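Data first, discussion second: the structure below is written as structure tokens.
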Amino acid sequence: MLERNLEEKGFEMTYVDEVFDWVKEKNPGEKEFHQAVKEVLESLEPAIEKHPELKKHKMLERIVEPERQLMFRVPWQDDQGEIHVNRGFRVQFNSAIGPYKGGLRFHPSVYLGIIKFLGFEQVFKNALTGLAMGGGKGGSDFDPKGKSDIEVMRFCQSFMQELFRHIGPDCDVPAGDIGVGGREIGYLFGQYRKIMNQFHAGVLTGKGLDYGGSLIRPEATGYGCTYFVVEMLKDRGLDLKDKVCTVSGSGNVAQYTTEKINQLGGKVVTLSDSNGFIYDPDGVTFGEKFDFFLELKQIRRGRIKEYADKFNVDYYSNKRPWEIKCDIAFPSATQNEIEVNDAQTLIDNGVIAVGEGANMPSTIDAINLFLEAGVAFGPAKAANAGGVATSGLEMSQNSLRLAWEREEVDKRLHGIMVNIHKSARVAAEKYGAPGNLVVGANIAGFMKVARSMMAQGLI
Ligand code: NDP
Ligand code: 2IT
């Protein structure tokens with residue numbers, strides 16, 4: 001019996017290993033994509049063991065291959081009249097359960113490997129929300145930092161001049177991500193509408209409230225991540241009150257994570273950007289400090305160092321905030337910002353929980369360390385799904401041609417986050433990894449998409 005089990009395990013291991021080797025060979029140099037695939041495939045082993053039809057239908061090979069990948073030229077002119085050429089991307093990863101859905105990232109580090117990792121993650125994240133959304137992601141290596149509004153507008157118009165033919169409210173619905181917020185979505189939407197001569201409100205989400213946006217969408221990722229952490233704490237008989245929280249980043253996700261933590265009685269002691277982090281032991285409290293932070297980032301688009309200068313707190317140049325002792329860490333900036341040494345420092349300092357607001361912020365070794373140490377670990381696909389879930393609610397409102405009240409959207413977002421936590425917890429138990437929400441979230445998201453693909457024939 002033991003021998004048979006081992007044999008079976010060996011057999012299944014080989015299937016995962018084989019597919020992973022194949023992915024690396026077919027997608028050379030895309031290290032972030034390899035990392036995202038590895039994390040998912042490894043955690044799917046118990047599901048593959050339990051459902052032999054997955055291997056028979058070659059579900060792993062099919063799910064790691066995007067349905068379509070688009071790359072295009074984006075020429076634009078700066079304020080001095082000089083011409084620049086950037087590369088645009090849209091990876092339409094999987095549409096088995098709904099139209100492709102996922103954000104656009106504008107950042108100089110963007111290349112195909114980044115967009116593919118994000119698109120791959122998005123497939124499972126969107127499935128977890130319970131809404132009918134497939135997975136996709138796009139963006140450009142354009143750097144919005146230091147550009148004038150008009151330059152950003154010209155870039156967005158040129159980007160949409162190609163993207164428009166590939167998207168639509170029932171086909172592919174982009175939104176924001178790093179470097180793409182309300183301003184960019186506005187310019188993109190205006191250009192789409194002008195080209196199409198159609199008011200397709202549901203073609204983009206994260207729109208302004210006056211032209212089809214949803215209340216709570218700007219807040220949704222940060223609020224959702226905090227709601228998810230509250231659920232993890234509840235399982236341990238704890239809550240957020242008086243918990244010391246380290247938050248990284250200072251963009252959309254970090255801002256509304258900070259707001260929700262404050263509302264629930266926690267204390268945010270750090271914020272960061274790519275230049276360094278601030279440490280405010282008294283917390284980024286409501287009133288002058290929080291207002292200054294939002295104005296600095298949303299209106300003046302300044303650097304987080306200004307917060308330290310203004311409130312006379314410590315600023316650590318070129319460092320990440322994980323050396324600061326905390327109860328809960330909310331990585332909310334970018335991928336691989338918690339490496340194994342950072343995870344060890346957090347654990348040594350007694351961290352109770354980690355809520356991944358960013359996409360893939362922890363390396364695989366860091367995740368394993370958190371899980372081994374018994375830290376309540378909320379993986380990105382589950383913990384940051386509130387943003388795309390509320391995008392789904394924006395699409396629903398656009399289809400209804402109605403706008404829901406703030407309370408209504410927030411209540412739905414909260415319900416979705418509670419459900420995601422529950423599905424991940426239940427799947428983890430069912431597949432023999434109780435408490436491991438990485439395994440739970442990956443299997444729960446994957447099974448929904450895999451079942452749909454198998455039911456729809458060889459697609
Ligand atoms: P923003 O552009 O609003 O903010 C990004 C923040 O992260 C900025 O403070 C930025 O600093 C920092 N940052 C970006 N890249 C790096 C880097 N390479 N090193 C250090 N700091 C960096 O983006 P969001 O807040 O929207 O996104 C943050 C994360 O959350 C991303 O991983 C995104 O994929 C994820 N996410 C976002 C969702 C959304 O709805 N917006 C939904 C789900 C996940 P600087 O200004 O110096 O660049
Ligand atoms: O990573 C993400 O989930 C997002 N950037 C949000 C995607 C969306 O379509 O709202």
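Fair warning: this is a prediction, and the values are worked out from it, not measured in the lab. The figures here come from the full heavy-atom set of this structure, side chains too, leaving out hydrogens, waters and symmetry mates. Read the numbers this way: they start at 1 and go in the same order the structure lists the ligands and their atoms.
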Region of N359 engaging ligand 2 - heavy atom pairs below 4.0 Å: side chain
Between Q122 and ligand 2, find which residue part has any heavy-atom pair under 4.0 Å and reply side chain, backbone, both or neither. side chain
Any atom of ligand 1 sitting under 4.0 Å from a heavy atom of [X]?
{"X": "A175", "result": "no"}
{"X": "K145", "result": "yes"}
{"X": "R105", "result": "yes"}
{"X": "E337", "result": "no"}
{"X": "H107", "result": "yes"}
{"X": "G181", "result": "no"}

Proximal atoms of ligand 1 relative to A358 (non-hydrogen, under 4.0 Å): 29 (C), 30 (O), 32 (O), 35 (C)
Ligand-side contact atoms (ligand 1) for residue partner G357, heavy atom cut-off under 4.0 Å: 30 (O), 35 (C), 36 (N), 44 (C)
Between [X] and ligand 1, is there a nitrogen or oxygen pair with a distance under 3.5 Å?
{"X": "K137", "result": "no"}
{"X": "R217", "result": "yes"}
{"X": "N275", "result": "no"}
{"X": "Q335", "result": "no"}

Do me a favour and list the nearest non-hydrogen protein atom to [atom] with residue, atom name and distance?
{"atom": "atom 10 (O) of ligand 2", "result": "S391 OG, 2.5 Å"}
{"atom": "atom 7 (C) of ligand 2", "result": "G103 N, 3.5 Å"}
{"atom": "atom 9 (O) of ligand 2", "result": "K101 NZ, 2.7 Å"}

Under 4.0 Å from atom 33 (C) of ligand 1, is there at least one protein heavy atom? yes
Inspect the surroundings of CZ in R73 and state if more than 12 heavy atoms from other residues, nucleotides or ligands are less than 6.0 Å away. no
For F292 and F311, I'd like to know if the aromatic rings sit close, meaning centre-to-centre distance below 6.0 Å. yes
Closer than 4.0 angstrom, basic N to acidic O: yes or no for [X] and [Y]?
{"X": "E121", "Y": "K381", "result": "yes"}
{"X": "E32", "Y": "K116", "result": "no"}
{"X": "K243", "Y": "D327", "result": "no"}
{"X": "K411", "Y": "E407", "result": "no"}
{"X": "R62", "Y": "E65", "result": "no"}

Any idea which of K125, K381, R217 brings a heavy atom closest to atom 6 (C) of ligand 2? R217
Kindly identify the option in V388, L118, V253 whose heavy atom sits closest to atom 25 (O) of ligand 1. V253
Hey, which atoms in ligand 2 end up nearer than 4.0 Å to a heavy atom of [X]?
{"X": "G176", "value": "4 (C), 5 (N), 6 (C)"}
{"X": "K137", "value": "1 (O), 2 (C), 4 (C), 5 (N)"}
{"X": "A175", "value": "8 (C), 9 (O), 10 (O)"}

Test ring-ring contact (aromatic ring centres under 6.0 Å, His included) applied to Y315 and F277, step by step: CA-CA 6 Å; Y315 176 71; F277 78 91; 7.8 Å; no
